[in-house]
Trainee: 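Pasting a structure below so you can have a look.
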Amino acid sequence: MSDLNGVLESLQWESTFFGLPSAIVRLRDDAPALAEADFAAWQRVQAKIPAGRSDLLDALQQHGFQLVEGEVDLSIAVAQYVSPGAEPATTEDIPVLRQMAALAFAQSRFRTPWYAPEDSGRFYAQWIENAVKGTFDHVCLVFRAPDGQIQGFVSLRKLNEQDARIGLLAGRGMGDKLMQAALHWAQQHQLSTLRVATQMGNTAALKRYIASGANVDATAYWLYR
């Protein structure tokens, strides 16, 4: 069996939210080799590796890890954008946004058989509520129909003085407008790069981001045991 060199880092928020003691493997060549006993305290252990590292993929699978999904990380250079008319969500929007997020992200990496059937939707419902409140993500922008109904939303957070990242984006037929809103927000905050990640299998999202000017920066695999 191939050695796995790394450390286990507790995922405290996820452990509490899912009621499942969870950790993530931080793989480092200069760290000690992990043994089966190191995993014993955790009901769920996650690992994220560059997609090009087949050696790590093989080693993790030998230690009982299973492939969950692939991820693509992209970036877009921020230029000048006209406001498409999005507005910040308010706390009154939270119930509707929670329902929309739960439906839109029901099949994420927090799906069965590793988590309970409702856990993925519940996780992203909480994410979008936190975004409206300005925690984790800093803002949730929405588009409304003439009757006030929310048609789509995008959450964003500022990473540093140059970069921002899209957290969640959802709304049938609203992809282009939501991307324009995200880029306009980044421009208003004088940022130079907007980042976003999506599942490798989500070709619709990949096409949307590339059409908005995104370039692929990296690909990765998520594995669990």
Side-chain angles (χ1 to χ4, degrees), residues 1-75 101-102 104-127 130 136-137 155 157 159 165-170 195-207 209-210 214-225:
M1 182 179 290
S2 301
D3 284 344
L4 278 178
N5 296 89
V7 295
L8 287 168
E9 179 182 308
S10 174
L11 295 170
Q12 295 182 0
W13 193 90
E14 289 183 21
S15 296
T16 301
F17 185 81
F18 293 118
L20 193 70
S22 302
I24 188 167
V25 179
R26 302 297 187 188
L27 296 171
R28 299 202 312 261
D29 291 337
D30 61 347
L34 292 165
E36 284 300 303
D38 296 315
F39 300 116
W42 310 100
Q43 293 184 36
R44 181 70 60 244
V45 182
Q46 305 178 11
K48 182 182 180 182
I49 60 169
R53 291 293 303 272
S54 58
D55 58 324
L56 295 179
L57 179 61
D58 292 343
L60 285 163
Q61 289 177 325
Q62 289 176 26
H63 283 265
F65 283 81
Q66 294 179 289
L67 181 64
V68 178
E69 70 177 28
E71 184 177 282
V72 182
D73 204 65
L74 307 99
S75 63
F105 302 102
Q107 287 297 316
S108 74
R109 65 183 180 88
F110 299 109
R111 66 183 185 276
T112 56
W114 298 278
Y115 294 88
E118 72 280 1
D119 276 351
S120 181
R122 190 167 63 89
F123 178 86
Y124 288 100
Q126 188 61 54
W127 183 330
N130 290 352
F136 187 61
D137 285 348
S155 69
R157 69 182 180 273
L159 302 176
R165 179 171 287 278
I166 291 174
L168 302 180
L169 182 151
R195 303 187 180 278
V196 64
T198 191
Q199 296 164 312
M200 282 184 186
N202 192 344
T203 54
L206 286 170
K207 289 177 181 178
Y209 300 143
I210 291 169
N215 293 307
V216 174
D217 286 341
T219 54
Y221 292 130
W222 282 98
L223 299 97
Y224 294 162
R225 62 161 282 167

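A quick note: this is a predicted structure, and the numbers were derived from the prediction, not measured.
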Trainee: One pair to check against side chain to side chain contact (heavy atoms under 4.5 Å, CB included): R122 and F17. What are the steps and the verdict?
Mentor: CA-CA 9 Å; R122 190 167 63 89; F17 185 81; 3.6 Å; yes
Trainee: On a heavy-atom basis, which atom in A31 and which in V7 lie closest, and how many Å separate them?
Mentor: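 That closest heavy-atom pairing would be CB-CG1, 4.4 Å.
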Trainee: Do any pairs count as a ring pair (Phe, Tyr, Trp, His ring centres under 6.0 Å) and have a residue in residues 40-64, sequence neighbours left out, and if so which ones?
Mentor: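 Sorted result for residues 40-64: empty, none.
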Trainee: Nearest 0.5 Å please: distance from the CZ atom of R195 over to the OG atom of S75.
Mentor: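 If I round to the nearest 0.5 Å, the distance is 5.0 Å.
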Trainee: Taking ring pair (Phe, Tyr, Trp, His ring centres under 6.0 Å) as the definition, give me every residue that meets it alongside Y209, ordered by chain and number, with sequence neighbours left out.
Mentor: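 Result, ring pair (Phe, Tyr, Trp, His ring centres under 6.0 Å) vs Y209: none returned.
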Trainee: With F105, which residues qualify under ring pair (Phe, Tyr, Trp, His ring centres under 6.0 Å), at least two apart?
Mentor: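 Scan of F105 (ring pair (Phe, Tyr, Trp, His ring centres under 6.0 Å), adjacent residues dropped) gives Y124.
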Trainee: Working to the nearest 0.5 angstrom, can you tell me the gap between N215 CG and D217 CG?
Mentor: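 Interatomic distance, N215 CG to D217 CG, rounded to 0.5 Å: 7.0 Å.
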Trainee: Within a reach of under 6.0 Å around CG of D30, are more than 12 heavy atoms found that belong to other residues, nucleotides or ligands?
Mentor: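 Above 12, so yes.
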Trainee: So, the side chain of R44 versus the backbone of R225: is there a donor-acceptor pair under 3.5 Å, distance only?
Mentor: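 Yes.
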Trainee: With a 4.5 Å limit on heavy-atom distance, are the side chains of I166 and L169 in contact?
Mentor: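 Of all side-chain heavy-atom pairs linking L169 with I166, at least one is under 4.5 Å.
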Trainee: Has the side chain of S15 got a donor or acceptor atom that lies under 3.5 Å from a matching backbone atom of S22?
Mentor: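 Yes; judged by distance alone, with no hydrogens or angles, the pair exists.
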Trainee: For W222, which of I24, L67, I49 qualifies under side-chain contact (heavy atoms from CB on, under 4.5 Å)?
Mentor: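 Passing option: I24.
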Trainee: For a 4.5 angstrom cut-off between non-hydrogen side-chain atoms, does T198 reach E71?
Mentor: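 Not in contact.
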Trainee: D73 and A197: which non-hydrogen atoms are nearest, and at how many Å?
Mentor: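 Taking every non-hydrogen atom into account, OD1-CB, 3.4 Å.
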Trainee: With a 6.0 Å cut-off on the ring centroids, do F18 and F123 count as close?
Mentor: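 Yes; F123 has its ring centre under 6.0 Å from that of F18.
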Trainee: Please examine the side chains of R53 and Y221, heavy atoms only from C-beta on, and report whether any two atoms are closer than 4.5 Å.
Mentor: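 Of all side-chain heavy-atom pairs linking R53 with Y221, none is under 4.5 Å.
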Trainee: Side chains of N130 and Q126: is there a donor and an acceptor less than 3.5 Å apart?
Mentor: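 The criterion, which ignores hydrogens and geometry beyond distance, is satisfied for Q126 and N130.
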Trainee: What is the distance from atom CG of N202 to atom CD of E69, rounded to the nearest 0.5 Å?
Mentor: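 If we round to the nearest 0.5 Å, N202:CG and E69:CD are 10.0 Å apart.
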Trainee: Is any side-chain heavy atom of Q199 closer than 4.5 Å to one of L206?
Mentor: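 Not touching, per the 4.5 Å side-chain cut-off.
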Trainee: What pair of heavy atoms forms the shortest contact from D38 to L8, and how long is it?
Mentor: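 Between these two residues, the closest heavy atoms are O-CD1, 3.0 Å.
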Trainee: Under 3.5 Å, is there a donor-acceptor pair linking the side chains of R109 and Q46?
Mentor: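 A pair is found: one side chain offers a donor N or O, the other an acceptor, under 3.5 Å apart.
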Trainee: Quick one: does any side-chain atom of S155 pair with a main-chain N or O of L168 as donor and acceptor, under 3.5 Å?
Mentor: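 Flag set: sc S155 to bb L168 pair under 3.5 Å.
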Trainee: Should L27 and N5 count as side-chain neighbours, where that means a heavy-atom distance under 4.5 Å?
Mentor: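 Contact flag for L27/N5 side chains = no.
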Trainee: With rounding to the nearest 0.5 Å, note down the distance linking OG1 in T219 to CE in M200.
Mentor: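 Here the interatomic distance stands at 4.5 Å.
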Trainee: Given F136 and W13, is the ring-ring contact (aromatic ring centres under 6.0 Å, His included) satisfied, shown in steps?
Mentor: CA-CA 12 Å; F136 187 61; W13 193 90; 8.4 Å; no
Trainee: For residues L4 and L60, determine if any side-chain heavy atom of one lies less than 4.5 Å from a side-chain heavy atom of the other.
Mentor: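 They are in contact (side-chain heavy atoms under 4.5 Å apart), so the answer is yes.
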Trainee: Return the CG to CD distance between L57 and Q61, rounded to the nearest 0.5 Å.
Mentor: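 Rounded to the nearest 0.5 Å, the CG-CD separation comes out at 4.0 Å.
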Trainee: Taking ring pair (Phe, Tyr, Trp, His ring centres under 6.0 Å) as the definition, give me every residue that meets it alongside W114, ordered by chain and number, with sequence neighbours left out.
Mentor: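 With neighbours one apart ignored, the set is Y224.
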Trainee: Run the ring pair (Phe, Tyr, Trp, His ring centres under 6.0 Å) test against F39 and tell me which residues pass, sequence neighbours left out.
Mentor: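 So F39 forms a ring pair (Phe, Tyr, Trp, His ring centres under 6.0 Å) with F65.
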Trainee: Name all pairs fulfilling the salt bridge (charged side-chain N to carboxylate O under 4.0 Å, His left out) condition that reach into residues 1-19, sequence neighbours left out, sorted by first residue then second.
Mentor: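 Qualifying pairs: E9-R26.
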